[in-house]
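Bear in mind that the values here come from a model prediction, so they are computed numbers and not experimental data. Side chains included, hydrogens not; waters and symmetry mates left out as well; all remaining heavy atoms used. Naming convention: chains lettered A, B, ... in sequence-line order (proteins, then strands); numbering from 1 in each chain.
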Amino acid sequence: MLIIKDFSLRHTIESGQPLAFYSDYTRQHGKEELRYVTQKGIIWFRLSGERADYTFEGEYTKSSAGEEIRRRFSIDEDIMHIYKSISTDEFMAKAIKEFHGLRITCNDPWETALCFVVSQFNNIKRIRGIMRNLINEFGPVYDGIHLFPGPEQIADSSTARIRACGTGFRDRYIKRLAEEFSSGFDAKRLYRMKYDDAKAKLMALDGIGDKVADCILLFGYNKLEAFPIDVWVKRVMEKAYFNGRKTSMRQIHDFSAERWGKYRGYAQQYIFWYGREKRMI
DNA sequence: ACCCAGGCGGGCG
DNA sequence: CGCCCGCATGGG
């Protein structure tokens, strides 16, 4: 059993992070459960207050599954220090207070890249459906359950089979991404690279632009200085920080770096989720 | 019917 | 640089 302080599974999952795109989350009578698959197996994660427990299947052991969970939810991160350091104005302080315990998840780079290539010009509900289709179509079966597919499993398929999962025009991006991640692109190397250099490497891939690259760095590499700007973040920030004026991406990037520094990825996730939940637009 | 969705690539001035 | 366009698909 684990004790996790300052953690809201609900805000973490519902704020549209990669895990939410392909897992089952339930909450009733104060008990929460998340079932998710990885390339190695299946994890059942249960939470009641601050008490967490888990079961697993696949290649995991009790200890490696525990490690998976610790890493995925950044359990060892000093979250209160991060909250304090980005609570630099009333809007952010209020968002953090109301949605206490929202954490940036730390996911696998390939999983994250696939999720956010699917996400472009799309909505969260459909992203979920497409991710589930991809898992059911390409994920290897373990004990009757499809695991998360590895890049090589998609790289070998036709674009038609990818498109049949509902991806639309993103089929060729997905195919090329899978090819890159299964050979050629050294995904592990980006862990050790500085933010700017890693971002340039990602943006060199077909179908990955400014926003998706930042998502992969934030949710896949835990580079907390990444600040993904999507339509929601842009509009909420224009309203809350720029007097309703149209503001360029460049200006918003600069503003976020200056205001929230190296933890601005957290600020971004609060802006995104708080803005949507409070129907600010 | 119309509009939009956690954008990107390509072409243009 | 900035701006504009097309892009698959499904839900409101």
Worksheet item: 5'-most contact on DNA chain C: A/Ser248 or A/Asn123, nearest heavy atom basis?
Response: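 Between the two, 5'-proximity favours A/Ser248.
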Discussion item. Over all strands shown, is A/Leu205 touching base, sugar-phosphate only, or nothing at heavy-atom distances under 4.0 angstrom?
Written reply: sugar-phosphate
Discussion item. Does A/Arg235 reach a base, just sugar-phosphate, or nothing at all? Heavy atoms under 4.0 Å.
Written reply: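 Sugar-phosphate contact only.
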Look at the side chain of [X] and decide which nucleotide, out of [options], has an atom nearest to it.
{"X": "A/Phe21", "options": "B/dG6, B/dG7, C/dG12", "result": "B/dG6"}
{"X": "A/Tyr173", "options": "B/dG9, C/dT9, B/dG6", "result": "B/dG9"}
{"X": "A/Val212", "options": "B/dG6, B/dG9, B/dC8", "result": "B/dC8"}

Discussion item. Just N and O in the side chain of A/Arg170: are any of them under 4.0 Å from OP1 or OP2 of B/dA5?
Written reply: no
Worksheet entry | hbond_proxy A/Gln269 side chain to B/dG6 base (donor-acceptor, 3.5 Å cutoff) | yes
Worksheet item: Do the numbers put A/Arg235 on top of the ring of A/Trp232, so that NZ or CZ is under 6.0 Å from the six-membered ring centre and no more than 45° off the axis?
Response: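 Yes, a cation-pi geometry holds between A/Arg235 and A/Trp232.
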Worksheet entry | Upstream residue (5' side of DNA chain B) when A/Gln17 and A/Gly207 are each assigned their closest nucleotide | A/Gln17
Discussion item. Between A/Ile208 and A/Ser119, which residue's closest nucleotide on DNA chain B lies nearer the 5′ terminus?
Written reply: A/Ser119
Item to complete: Please state the P separation for the pair B/dG6 and C/dG2 - nearest whole angstrom.
Response: 25 Å
Item to complete: Mind telling me whether A/Phe56 and A/Tyr54 have parallel, tilted or perpendicular rings, with 30° and 60° as the class edges?
Response: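 Plane angle between 30° and 60°, so tilted.
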